[in-house]
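Quick notes on the structure that follows.
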Amino acid sequence: MNVYDGQRIAAMLESHGLTQTEDISDADLIILNTCAVREKATNKVYSALGRIRCAKKESALFGIVGCVARESGADAFKRIPELNFVLGPQSYHKLPEIIKDPDTKLLNIDLGGLEKFDELPQITKSPTVAYIPIQEGCNHCCTYCIVPYTRGRELSRPYKDVINDVKNAANTGAIEICFLGQNVNGYKYTDENNKLYRLSDLIRETAKCPEIQRIRFTSSYPTEMTDDLIEMFGTEPKLLPFLNMPIQSGSPRILKLMNRPDDLNGYKNIVKKLKAVRPDIQISSDFIVGFPDENDSDFEETLNIAKEIKYINSYSFKYSPRPHTAAALMKNQISEQIKSVRLQKLDSQLNENQREFNTSCIGQEMLCLCEGPDKTGHHLLFRTPYMQQCIVAKPDYEISPLQKIKITDANKASLRGEIIK
Ligand code: SAH
């Protein structure tokens, strides 16, 4: 989501005549786009602001946008008095005001709904992977999560607007569409004729664009995986056989405390249905260890589910207490030391899953999307349909971005392969 927001901010400022520089000391305007989901991310923002303050030109305007701006509000000006603007994730379309009047302090952390989408210019050149937000905010209120506070209640964008964005991306260079939302599979839009549109409708319509070869979406909520969406994995070959469907914990007791779906059989049933329609599908998850009151046997259950579902490409985090969340006030907070030990154990299970899956890919042929050269310039980096990185020797002829690659080797982190001509 932040990559997308960054692209839109850049496009908006370019339409006001600004150009990008890589050099902070040369910049007239410096914007830090921020994430508040864990405390570490927020801390990083303030240390980065300290560095920017020293490196920037005296006259340069600087400020923060995104979730830390929304969370900090006017306090951000107290902590860093030189800041010129603090704009929440739904008000960054107000940025041009600061260029017009550099002497004011611009503060806007309102939850403005979806109006920013109407005020931002269309992208004229799309990257090969186009991120397209279809909804923002979340109504689920997981007790650890700051997102309902920073991004607000769930709002779905009009179906026609999303399809316009898809067509625009397809016409300007996109090959892959990644639909985005904090609760992406909860997308629900009812038009003026009372017709309800779901994510499955967006996927079906997007697949009709000949330029678009791959479709994916993130982040999903387990119980929003309705049958119409599951069926798409069976009927729409452009939808990648890979799904991030976070479980967070394998303990029903902890899931209840998290206010997450705690019926593990229900979750496993969704995985079963997905495998039935798309036998080659792989699932990834996000995990939180050290949630308040998590004991050793709760954690064992998390290890067991990671092993049982054989998640690939997963993310794991130590629980981080966040302002405005219920879990931050719960009793029996877990010590950093225990969190670290549990994270290490979980990571070694997740790494084992990853290594096993990567090794099983050796010898297979996969249609992969080129992301560009590696640092040495001698190789090209591709993404497989499972979002694994695949390193390929750079050919001495021009290639199109989508290539059939034979996987020749694998380790935990990446694959190696050869282009099949
Ligand atoms: N569905 C949201 C959540 C993203 S946050 C979205 O797409 O915007 C990504 C992951 O961060 C979550 O799935 C969860 O595993 C983790 N996370 C969220 N809040 C956390 C917290 N307070 N402490 C630790 N991890 C957290």
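Heavy atoms only: backbone and side chains are in, while hydrogens, waters and symmetry mates are out. As the structure lists them, so they are numbered: ligands from 1, and atoms in each ligand from 1.
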- Item | For atom 9 (C) of ligand 1, the protein heavy atom that lies nearest, with its residue and separation | D286 OD2, 3.6 Å

- Task: Report the distance from atom CZ of F382 to atom CG of L402, rounding to the nearest 0.5 Å.
- Result: 8.5 Å

- Task: For atom 3 (C) of ligand 1, find the nearest protein heavy atom and state the residue, atom name and distance (0.1 Å precision).
- Result: V147 CG2, 4.6 Å

- Task: Using a 4.0 Å heavy-atom cut-off, say whether Y144 meets ligand 1 through its side chain, its backbone, both or neither.
- Result: both

- Query: What residue and atom, counting heavy atoms only, is the protein's closest point to atom 17 (N) of ligand 1, and at what distance?
  - Reply: R38 NH1, 3.4 Å

- Nearest option to atom 18 (C) of ligand 1, as decided by whichever heavy atom of V37, T218, V184, I247 sits closest: V37

- Can you tell me which residue and heavy atom of the protein come closest to atom 24 (C) of ligand 1, and the distance to 0.1 Å? K318 O, 3.3 Å

- E192 vs K160, salt bridge (charged side-chain N to carboxylate O under 4.0 Å, His left out): CA-CA, chis, key distance, verdict: CA-CA 11 Å; E192 54 287 354; K160 275 198 192 119; 3.7 Å; yes

- Query: Got an N/O contact under 3.5 Å between R322 and ligand 1?
  - Reply: no

- Message: Whether the D298 and S251 side chains hold a donor-acceptor pair (N or O, under 3.5 Å, no angle test) is what I'd like checked.
- Response: yes

- Check R151 against ligand 1 and report side chain, backbone, both or neither, counting heavy atoms closer than 4.0 Å. neither

- atom 7 (O) of ligand 1 has as its nearest protein heavy atom S219 OG, 2.7 Å

- For the ring pair Y4 and Y131, is the centre-to-centre distance below 6.0 Å? no

- Member of I391, D374, I399 meeting the side-chain contact (heavy atoms from CB on, under 4.5 Å) criterion with L380: I399

- Would you say the side chain of Y149 lies within less than 4.5 Å of the side chain of R322, judging by non-hydrogen atoms? no

- Minimum-distance pair of heavy atoms, taken over all atoms of K339 and P321: NZ-CD, 4.5 Å

- Quick one: nearest non-hydrogen protein atom to atom 1 (N) of ligand 1, plus distance? Q182 O, 2.9 Å

- Message: Counting only nitrogen or oxygen atoms and a 3.5 angstrom limit, does Q248 reach ligand 1?
- Response: yes

- Note on the structure: Residue, atom and distance of the protein heavy atom nearest atom 22 (N) of ligand 1 read S320 O, 2.8 Å

- Select one of side chain, backbone, both or neither to describe which atoms of M1 lie under 4.0 Å from any atom of ligand 1, heavy atoms only. neither

- Task: Quick one: list whatever passes side-chain contact (heavy atoms from CB on, under 4.5 Å) with R355, sequence neighbours left out.
- Result: T359, K412

- residues 177-189 vs side chain to side chain donor-acceptor pair (under 3.5 Å), sequence neighbours excluded, gives H140-N183, E154-N183, N183-E224

